[in-house]
Amino acid sequence: MNNQPHRIQLLASALLVSAALSSHAIADTKPNRGIPQDDKSRGGVCSNLPSYAQLKTALLSAVGSESSGFNLQMWATVVNRDGVVCAVAFSGADRGAQWPGSRVISAQKANTANAFSLPGLALSTANLYSAVQGTSGANPLGGSLYGLQFSNPVDPAVAYGGNPALVGTHADPMVGNRIGGVNVFGGGLALYNNSGVLVGAVGLSGDTSCADHNMAWRVRNTLNLDYVPAGVSGDAARPDNMVIDDLNGDSNGKTDGWEQPTCANTTNPTSLPAAKSVGP
C-alpha cells in the first residue's frame, strides 16, 4: 500500500500549523497590541499622564522659550510608571524637521528617568552621566555604575515597528508599548504629581544634552508634574537638576559625583524654574 499521499498530506498540515504559529508570534511582537491609541481611551494605563495634545503644547512652549543649545527642533516622549509609552510628539513642521534618531533617544530618556527614580528620590538622566563612565587617566577605577547604560536594551520591535508616517502623532507606533532603553545624558526627568506621587517620566532629545535637559525641565513645569520630593543635585529648589562641573558643580575640572560636562551655548541650570512642593 502506497502511503506517499498520506505522508504528503500530514507534512502539508504540519507546515500550515507551523506557519500559523509563526504568524501569531510575529503579530504578537507588533507595536500597539491590544491597547487603544486614541487619547480618549488609552486603556487607562495613561489616564494620569498628559495626553498627546498636552505634551505637544508643552513641548512647543519649551522650545520657544529655551535659548541654550543650537535652537533645534525636538522630540518628546512620556512613559508611565511601568515604562509604557503614553505619548510621543515633535516640535517641528514635520517628522523630518528634527533628528530622526532622537525620537527613540527621547523614549530611552523617559524610560531611564522612570526606571531609576523612586517615590522619594528623583534621578534625572543627566545625574547618571559621571557614574557610568569607564576608566580613564583621571579615574582609573571608572564610574560606580559603569555598564548601567547596557542593562535594559530598547525593544527594537517597539522602537522601529509600525507606519513611519504616524511617528510623532497621537498614533505613534510606540504608544501603548514598553520601549526600554537606558540613556545617561541630560533630557530625562521623572514626573511627580501634586500629591508627590511618581507617575512616570518625560524624555526630550534633539539638541545638546544640556538644552535637552533644560527643555525637559520646562515641559515638566508646564505640565505641572514637577512636585519633586528629593534628588542628588544639591539644589533644594531643583532636586534632580543637571549638575555641570564649571557652572553649578564643584569646578574641579572633571566630571565626578553626579556631574555632566558642559555643552555648547549652555546656560547655568540654576536659572531654571524651581520645582514645586507638595503642600501640608
Side-chain angles (χ1 to χ4, degrees), residues 31 50 52 55-79 83-115 124-129 132 149-150 152-175 177-191 200-220 222-223 242 260-266:
Y52 165 78
L55 177 62
K56 180 94 170 182
T57 298
L59 175 62
L60 291 173
S61 174
V63 171
S65 60
E66 180 59 35
S67 59
S68 66
F70 299 112
N71 296 316
L72 301 179
Q73 301 296 335
M74 303 291 296
W75 289 92
T77 299
V78 167
V79 302
V84 174
V85 176
C86 293
V88 183
F90 56 75
S91 63
D94 55 53
R95 66 182 186 275
Q98 43 283 308
W99 292 331
S102 283
R103 170 178 169 266
V104 175
I105 293 174
S106 72
Q108 280 183 298
K109 290 180 180 181
N111 183 72
T112 305
N114 175 67
S124 65
T125 53
N127 295 152
L128 295 171
Y129 176 90
V132 305
Q149 63 270 46
F150 310 118
N152 293 267
V154 163
D155 184 337
V158 174
Y160 307 112
N163 184 353
L166 297 176
V167 302
T169 71
H170 77 281
D172 188 290
M174 288 195 294
V175 172
N177 295 280
R178 298 179 71 193
I179 181 64
V182 176
N183 190 286
V184 291
F185 52 84
L189 296 168
L191 300 175
V202 64
L204 266 73
S205 182
D207 207 308
T208 68
S209 62
C210 300
D212 290 356
H213 172 87
N214 290 354
M215 282 187 267
W217 192 276
R218 296 183 188 283
V219 165
R220 184 174 68 173
T222 297
L223 294 173
M242 176 167 29
Q260 180 187 301
T262 191
C263 309
N265 304 320
T266 196

Looking at G188 and A113, what are the two nearest heavy atoms and their distance?
C-CB, 3.6 Å
Please report the C-alpha distance between M74 and D207 in whole Å, then the side-chain angles of each, then the deciding distance to 0.1 Å, and finally whether the side-chain contact (heavy atoms from CB on, under 4.5 Å) criterion is met.
CA-CA 7 Å; M74 303 291 296; D207 207 308; 3.9 Å; yes
Among D212, N114, T125, which one satisfies side-chain hydrogen bond (donor to acceptor under 3.5 Å, both in side chains) with K109?
D212
Nearest-0.5 Å distance, SG of residue C263 to CE of residue M242:
6.0 Å
For G161 versus P173, what's the shortest heavy-atom pair and its separation?
O-CB, 3.3 Å
Between atom CG of L204 and atom OG of S209, what is the distance when rounded to the nearest 0.5 Å?
12.5 Å
Give the intermediate values and the outcome of side-chain contact (heavy atoms from CB on, under 4.5 Å) for residues L191 and V202.
CA-CA 7 Å; L191 300 175; V202 64; 3.9 Å; yes
Roughly how far, to the nearest 0.5 Å, is CG of L60 from CG of L55?
9.5 Å
Quick one: does W99's side chain have a donor or acceptor within less than 3.5 Å of a partner on W75's backbone?
no
Heavy-atom donor-acceptor pair, Q98 side chain to G92 backbone, under 3.5 Å:
yes
What heavy-atom pair brings C86 and V175 nearest, and what distance separates the two atoms?
O-CG1, 3.9 Å
Looking only at heavy atoms, which two atoms of V167 and D172 are closest? And how far apart?
CA-OD2, 3.2 Å
I need the minimum non-hydrogen distance between V78 and P50, along with the two atoms involved.
CG1-CD, 4.4 Å
Is there a side-chain contact (heavy atoms from CB on, under 4.5 Å) between V85 and V79 once you walk through the steps?
CA-CA 4 Å; V85 176; V79 302; 4.1 Å; yes
According to side chain to side chain contact (heavy atoms under 4.5 Å, CB included), who are the partners of A93, at least two apart in sequence or on a separate chain?
none
Should T208 and T266 count as side-chain neighbours, where that means a heavy-atom distance under 4.5 Å?
no
Could you tell me if the side chain of V63 sits less than 4.5 Å from the side chain of R218, heavy atoms only?
no
Please check: side-chain N/O of S61 versus main-chain N/O of T57, any donor-acceptor pairing under 3.5 Å?
no
Closer than 3.5 angstrom, by distance alone: can the side chain of R220 be matched with the main-chain N or O of A190 as a donor-acceptor pair?
yes
CG of D155 to CG of N111, rounded to nearest 0.5 Å, is 11.0 Å
Applying side-chain contact (heavy atoms from CB on, under 4.5 Å) to N183 and I105, what does each step give before you reach the verdict?
CA-CA 7 Å; N183 190 286; I105 293 174; 3.5 Å; yes
Looking only at heavy atoms, which two atoms of F70 and A264 are closest? And how far apart?
CZ-CB, 3.6 Å
Does any N or O in the side chain of R103 come within less than 3.5 Å of the main-chain N or O of A159, such that one atom is a donor and the other an acceptor?
yes
Please enumerate all residues that pass side chain to side chain donor-acceptor pair (under 3.5 Å) together with S106, with sequence neighbours excluded.
T77
Nearest 0.5 Å please: distance from the SG atom of C210 over to the CE atom of M215.
10.5 Å
Spell out, as yes or no, whether a donor-acceptor pair under 3.5 Å connects the side chain of R95 to the backbone of P164.
yes
Hey, is the main chain of L59 close enough, under 3.5 Å, to the side chain of S91 for a donor-acceptor pair?
no
Would you say V158 and R178 make side-chain contact, with heavy atoms under 4.5 Å?
no
What distance do Y129 atom OH and Q260 atom CD have between them, rounded to the nearest 0.5 Å?
7.0 Å
